[in-house]
Amino acid sequence: MNRSAGNEANSDRHKLIVQYMEAGDRAKSTLNYQEASKMYEEAVNFQNKAETQTHLNPPRVEPSIKLGVCLCELARYKEAEDILTRCLEVACDEESKVEMDEALYVRALAALAALYQAQSKYDAAIKLHEKAIPIARTIQVSQTSLCLADYIAGYAETLRKSGDLPQAERYHREAQAIRTRAVEHNLCTELELAVSYTQLGCTLAGMQQHKEAHEQHHRALTLRYRYLDFSHGLVSESLNYCAESLCGLGRGREGIPLALHAVQIRKTIFGESHPAYAHALSVLASCYHAVGRSCDACDCLEKCLAICEVAFPRNHANLIPNLMSYGSALCSTGNLKNARSVYKRAIDIHQLNFKDGQNPQQLKKCKAEMDSLTERVLMERMEEMDENDTPSLSRVSFSTTATTTSCKSCGTDMSVLTAADIESKGTPVIVFTDIGRDVDDEMALVLLSSLKRKHMLNPIAVVTTLSPEKDRAHLARGSLDTMGMADVPVGVGGRGGVADGVELEVYEADHTWSSPSIHESGMDLACQALESVPSKSAQILCLASLSDMALLIQEHQDLFTDKVKEVVVMGGVMPMDSGDTLTPDTAYNNNCDMESAKFVYEKCQELGVPTATLSRWAAYGCPIRPQLLDELAKTKHMVAANIRRKSKDSLDQLWNKVILPPDHPKREKLPARCDVNWFYKTFCGTDEVPEELPLSIWLQVEKLNMYDPLAVLICVSSYRDEHFTSKTKTVNRIPHVVVGTSESDTGVSDRISLYKEYSHLFINALQASLHEPEMPLGSEKEPDILIEETTKIMSARSRAA
């Protein structure tokens with residue numbers, strides 16, 4: 001081969017190397033280290049095939065360094081160490097023909113130091129950093145050098161991991177100052193600052209400076225919301241650390257929605273066997289533990305530790321914080337023996353990884369807990385005369401069996417409310433829901449979270465009804481948690497009038513949570529909730545079949561009469577002039593169990609407990625446009641995304657029932673009046689039905705009716721007075737109100753004003769639960785603009801009608 005042909009071949013290889021490097025960089029930027037490592041490995045292979053090494057040697061080291069970094073992220077430590085060590089050996093070999101420049105030499109030092117840090121080899125990592133930093137300061141003379149900031153921050157992270165927090169803080173603040181200057185000089189985007197905010201936040205958290213730690217993490221989250229897609233791994237990192245810092249501030253309930261979203265993102269990106277996913281589970285566990293749901297915390301930590309045992313080398317230092325959290329959670333469940341074993345193992349691992357004086361606070365805390373538990377276990381043995389052997393201390397089995405069966409604290413204690421509590425927290429309300437049948441139950445919970453934040457309503461229990469009632473409880477638990485209401489207990493109600501052996505559908509959701517804290521008896525939970533409130537102070541909100549409500553009155557009539565000030569029903573009644581009392585009509589919720597519905601209305605009027613009924617006519621009076629669901633989904637909240645997705649599914653399912661004959665069993669409890677003509681008029685805004693009916697109706701839908709959210713709104717007297725009109729039937733001198741008595745009397749005072757009200761409440765609830773300071777990038781319109789546009793359309797249609 002002549003010289004010209006050889007040069008051309010090398011040039012082609014060089015182009016391919018560049019392409020592979022660029023592909024690797026793109027994959028790495030999205031944290032896809034698996035794909036990035038493949039690309040860098042291809043670049044290395046092509047370098048090895050180069051016939052001429054002239055001018056190609058320094059770049060040859062670069063893909064090797066990047067490959068080593070990716071392998072470290074994938075916990076392939078041995079391979080990474082071989083590659084990075086070889087890079088440094090080549091650089092230090094005086095006989096080597098490779099002339100590595102100082103910048104690449106420093107990168108190789110820093111990469112190997114990060115690898116040692118990941119393996120808990122802190123002394124070795126510090127030595128490499130201390131060799132790299134002075135060289136970096138010499139060659140990176142600019143005070144805005146991002147490379148220098150990265151090296152200094154890497155050193156600070158190793159110091160943090162080794163327990164030298166004051167020094168770590170000093171170097172992280174220096175790195176942050178450099179990055180800040182770089183942003184001010186337009187040398188990089190604000191995203192670089194997010195890195196410093198995160199690293200300094202973690203350091204401050206370790207120093208128990210939780211307030212400033214949260215400020216730093218929230219700044220990082222704000223920037224990442226602004227510039228990155230919500231599903232990006234760095235967004236999940238900030239969600240995770242914000243949740244952790246909120247937990248440190250005693251605001252674990254607020255941290256749970258953030259932690260749940262971080263878990264879901266990391267599960268999607270990294271899979272269920274990656275340490276990043278394990279860390280998200282650990283943070284979620286801390287948040288659950290902080291709100292008293294220790295059994296949930298144990299479940300999360302058992303999964304976390306099982307992952308870490310495989311992903312990390314045996315007795316890795318990263319296990320220690322998770323073991324400490326697990327020990328604390330076990331202690332709260334009353335499982336003292338296992339808790340003691342867990343702390344013992346944490347101490348053993350600490351002594352294997354740290355020298356005397358390194359990270360002393362961690363060791364001190366473990367020993368204090370160990371001593372305390374030893375005393376408590378001995379006292380327990382003496383009291384119970386328990387001669388069972390203590391489990392092996394060398395390695396703990398992470399099993400839910402030991403924790404859930406002996407759980408003494410899962411956040412189920414019902415605190416007693418006073419009149420002052422009601423004044424400050426809002427009206428206590430118990431909710432009966434058939435969530436999972438259609439999306440408006442879940443939207444009602446979203447709205448409820450907004451009113452809880454405003455201290456207007458205080459949900460003290462949620463009971464799921466309608467078979468399969470337990471699956472609905474799992475969905476309700478997850479929905480409440482993601483909306484920041486992890487402290488609201490959930491109980492399993494009855495079948496809701498559904499025959500034994502028949503189970504209706506419950507839609508799927510990523511946030512469904514099979515929690516050990518769910519009460520097996522929703523009736524017991526409702527009674528506990530009523531017992532916790534002052535006389536005539538609680539509302540009961542019925543968004544489902546009235547079967548459970550009837551049972552509550554039947555079995556606990558005195559408690560019901562004493563504590564309940566009003567029963568709010570999403571349903572309907574017969575024309576008010578048809579008799580001296582109110583009687584239920586054929587609304588779906590009534591129809592599920594008509595005998596129970598009749599009993600509830602009859603007993604409430606007999607016992608003098610006021611009722612407020614919101615009918616379907618009210619929902620028809622203020623429909624929403626599907627575009628609002630699109631906008632809510634842009635918050636990227638998992639509940640909003642699921643509501644948007646399931647709305648289409650629910651409409652299609654309803655449509656498939658509507659087109660069946662009136663007596664068809666697959667219509668379930670759907671009233672005969674709900675036919676094709678009704679559907680087109682209700683959801684498509686027209687009386688014209690096409691000759692050929694479509695298989696999917698979604699594209700023709702122009703309005704959606706939200707029944708249950710409106711029922712939530714009328715629980716608040718100020719909203720009821722401002723946005724609704726009602727008719728009253730007085731029975732035994734007690735008023736019973738009905739909102740929406742006919743198509744011409746919907747009970748909605750001003751549909752535009754009402755639409756604006758609940759649209760803002762929806763958006764605010766979703767944003768607040770994710771601590772979003774603004775609509776994320778990708779939202780085409782601000783909420784106000786969207787609402788204004790929609791209300792103009794609604795106004796025009798009202799005038800046309």
Q: D750 vs Y755, test: side chain to side chain contact (heavy atoms under 4.5 Å, CB included). Steps then yes/no.
A: CA-CA 9 Å; D750 183 338; Y755 182 83; over 6 Å; no

Q: Strictly below 4.0 Å, N to O, side chains only: are D652 and K648 in salt-bridge contact?
A: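 Salt bridge flag = yes for K648 with D652.
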
Q: Mind listing the closest non-hydrogen atom pair of P610 and I734 along with its distance?
A: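 What the structure gives for the nearest pair is CG-CG2, 3.7 Å.
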
Q: Is there a donor-acceptor pair under 3.5 Å between the side chain of N732 and the backbone N or O of Q605?
A: yes

Q: State whether the number of non-hydrogen atoms from other residues, nucleotides or ligands found under 6.0 Å of E508 atom CD is greater than 12.
A: no

Q: Just how far is it from atom CG of N590 to atom CG of L546, taken to the nearest 0.5 Å?
A: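 If we round to the nearest 0.5 Å, N590:CG and L546:CG are 6.0 Å apart.
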
Q: Can you find a pair of side-chain heavy atoms, one from L614 and one from V568, that are under 4.5 Å apart?
A: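 No, side chains not in contact.
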
Q: Counting distance only, does the side-chain N/O of R667 pair as donor-acceptor with the main-chain N or O of K657 below 3.5 Å?
A: yes

Q: Are any of the side-chain heavy atoms of K727 and V737 separated by less than 4.5 Å?
A: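 The answer is no, as the side chains (C-beta and beyond) never meet within the 4.5 Å cut-off.
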
Q: Atom CD1 of I659 and atom NZ of K666: how far apart are they, to the nearest 0.5 Å?
A: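 Here the rounded value is 11.0 Å.
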
Q: Between E503 and S467, what is the shortest heavy-atom contact and its length?
A: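 Looking at all heavy atoms of both residues, the shortest contact is CG-OG, 3.3 Å.
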
Q: Can a salt bridge be assigned to the pair K646 and E442 using a cut-off of 4.0 Å between side-chain N and carboxylate O?
A: no

Q: Considering residues at least two apart in sequence or located in another chain, which fulfil the ring-ring contact (aromatic ring centres under 6.0 Å, His included) criterion with Y288?
A: W513

Q: What is the distance from atom CG of L466 to atom CZ of R495, rounded to the nearest 0.5 Å?
A: 9.0 Å

Q: Under the side-chain hydrogen bond (donor to acceptor under 3.5 Å, both in side chains) criterion, do T611 and H736 qualify, and how do the steps go?
A: CA-CA 5 Å; T611 63; H736 298 269; 2.9 Å; yes

Q: Are there over 12 heavy-atom neighbours, none belonging to K454, within less than 6.0 Å of that residue's NZ?
A: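 No, because the 6.0 Å sphere around NZ of K454 holds 12 heavy atoms or fewer from other groups.
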
Q: Applying salt bridge (charged side-chain N to carboxylate O under 4.0 Å, His left out) to K729 and D580, what does each step give before you reach the verdict?
A: CA-CA 8 Å; K729 170 79 75 174; D580 294 332; 5.8 Å; no

Q: Take Y601 and T613 through the side-chain hydrogen bond (donor to acceptor under 3.5 Å, both in side chains) test and state the conclusion after the steps.
A: CA-CA 10 Å; Y601 275 98; T613 302; 2.8 Å; yes

Q: Verify, without hydrogens or angle tests, whether T465 (side chain) and G494 (backbone) share a donor-acceptor contact under 3.5 angstrom.
A: yes

Q: Any heavy-atom pair between the side chains of H723 and E757 that's under 4.5 Å?
A: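 Side chain of E757 against side chain of H723, heavy atoms only: contact under 4.5 Å found.
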
Q: Answer yes or no: is there a donor N or O on one side and an acceptor on the other, between the side chain of T464 and the main chain of D434, under 3.5 Å?
A: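 No, T464 side chain to D434 backbone: no donor-acceptor pair under 3.5 Å.
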
Q: Kindly write out the residues that satisfy ring-ring contact (aromatic ring centres under 6.0 Å, His included) with F683, not counting sequence neighbours, or none if the list is empty.
A: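 F683 satisfies ring-ring contact (aromatic ring centres under 6.0 Å, His included) with W678, F679 only.
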
Q: Please name the pair of heavy atoms, one in L770 and one in P257, separated by the smallest distance, quoted to 0.1 Å.
A: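 Of all heavy-atom pairs spanning L770 and P257, the closest is CD2-O, 4.3 Å.
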
Q: Looking at R616 and D585, is there a salt bridge between them, counting it only when a charged N and a carboxylate O are closer than 4.0 Å?
A: yes

Q: Once you round to the nearest 0.5 Å, how far does CG of D548 lie from CG of L552?
A: 9.0 Å

Q: Hey, is R625 close enough to D630 for a salt bridge, meaning N to O under 4.0 Å?
A: no

Q: Between P516 and D296, is there a side-chain heavy-atom distance shorter than 4.5 Å?
A: yes

Q: Run the salt-bridge test on R472 and D441 with the 4.0 Å N-O cut-off and return the result as yes or no.
A: no

Q: Would you give the length of the straight line joining atom CD of E702 to atom CD of Q627, rounded to the nearest 0.5 angstrom?
A: 9.0 Å

Q: Dump the intermediate steps for side-chain hydrogen bond (donor to acceptor under 3.5 Å, both in side chains) on D593 and S596, then the final yes or no.
A: CA-CA 5 Å; D593 187 347; S596 290; 2.7 Å; yes

Q: Let me see the working for M576 and V738 under side chain to side chain contact (heavy atoms under 4.5 Å, CB included), right down to the final yes or no.
A: CA-CA 9 Å; M576 298 184 70; V738 179; 4.0 Å; yes

Q: Please walk me through it: do D438 and Y707 pass side chain to side chain contact (heavy atoms under 4.5 Å, CB included)?
A: CA-CA 10 Å; D438 48 38; Y707 304 87; over 6 Å; no

Q: Quick one: CG on D708 to CG on L448, what's the gap to the nearest 0.5 Å?
A: 11.5 Å

Q: Counting only N and O atoms by type, is there a donor-acceptor contact under 3.5 Å from the side chain of S450 to the main-chain atoms of L447?
A: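 The answer is no, because no donor-acceptor pair under 3.5 Å joins these two groups.
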
Q: Looking at C542 and V567, what are the two nearest heavy atoms and their distance?
A: SG-CG1, 4.2 Å

Q: Could you check if a side-chain atom of V716 sits within less than 4.5 angstrom of a side-chain atom of L457, using non-hydrogen atoms only?
A: yes

Q: What's the shortest heavy-atom distance between A619 and N705, and which atoms?
A: O-OD1, 3.5 Å

Q: Check whether more than 12 heavy atoms from other residues, nucleotides or ligands sit under 6.0 Å from atom NZ of K470, and answer yes or no.
A: no

Q: Of all heavy-atom pairs between R293 and S517, which one has the smallest distance, and what is that distance?
A: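 So the two residues come closest at NE-OG, 3.4 Å.
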
Q: Before you tell me yes or no, could you show the steps for D649 and R645 under salt bridge (charged side-chain N to carboxylate O under 4.0 Å, His left out), namely the whole-Å CA-CA distance, both residues' side-chain angles and the distance that decides it to 0.1 Å?
A: CA-CA 7 Å; D649 295 345; R645 182 168 56 252; 5.8 Å; no

Q: Determine whether a donor-acceptor pair (N or O, by modelled atom type, separation under 3.5 Å) exists between the side chain of N642 and the backbone of M638.
A: no

Q: With the threshold set at 4.0 Å, does a side-chain nitrogen-carboxylate oxygen contact exist between K681 and D675?
A: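 No.
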
Q: Decide yes or no on side chain to side chain contact (heavy atoms under 4.5 Å, CB included) for E668 and L504, but give the supporting numbers first.
A: CA-CA 9 Å; E668 298 173 357; L504 306 181; 3.7 Å; yes

Q: Distance-only, no hydrogens or angles: does the R253 side chain make a donor-acceptor pair with backbone N or O of A486 under 3.5 Å?
A: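 A pair under 3.5 Å: no.
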
Q: Check whether any side-chain heavy atom of F560 sits under 4.5 Å from a side-chain heavy atom of L607, and report yes or no.
A: yes

Q: Any chance CD of E606 has more than 12 other-residue heavy atoms, nucleotides or ligands included, within less than 6.0 Å?
A: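 Counting neighbours around CD of E606, more than 12 heavy atoms of other residues, nucleotides or ligands fall under 6.0 Å, so yes.
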
Q: I want to check something: taking the side chain as every heavy atom from C-beta on, are T725 and V739 in contact at a cut-off of under 4.5 Å?
A: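 They are not in side-chain contact.
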
Q: Can any side-chain N or O of W655 pair as donor or acceptor with the backbone N or O of P694 at less than 3.5 Å?
A: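 Confirmed, W655 side chain pairs with P694 backbone.
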
Q: Taking the side chain as C-beta and beyond, is there a heavy-atom pair between L260 and H511 under 4.5 Å?
A: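 L260 does not reach H511 side chain to side chain.
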
Q: Would R720 and E566 pass as an ion pair if we require N to O under 4.0 Å?
A: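 Yes, this pair counts.
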
Q: Go through the side-chain N and O atoms of H261 and T482 and say whether any donor and acceptor fall under 3.5 Å apart.
A: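 No.
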
Q: Spell out, as yes or no, whether a donor-acceptor pair under 3.5 Å connects the side chain of S537 to the backbone of V533.
A: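 No; judged by distance alone, with no hydrogens or angles, the pair does not exist.
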
Q: Assess the side chains of D421 and T418: does a donor N or O sit below 3.5 Å from an acceptor N or O?
A: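 Side chains of D421 and T418: pair found under 3.5 Å.
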
Q: Should the pair E505-R437 be classified as a salt bridge under the 4.0 Å nitrogen-to-oxygen rule?
A: no

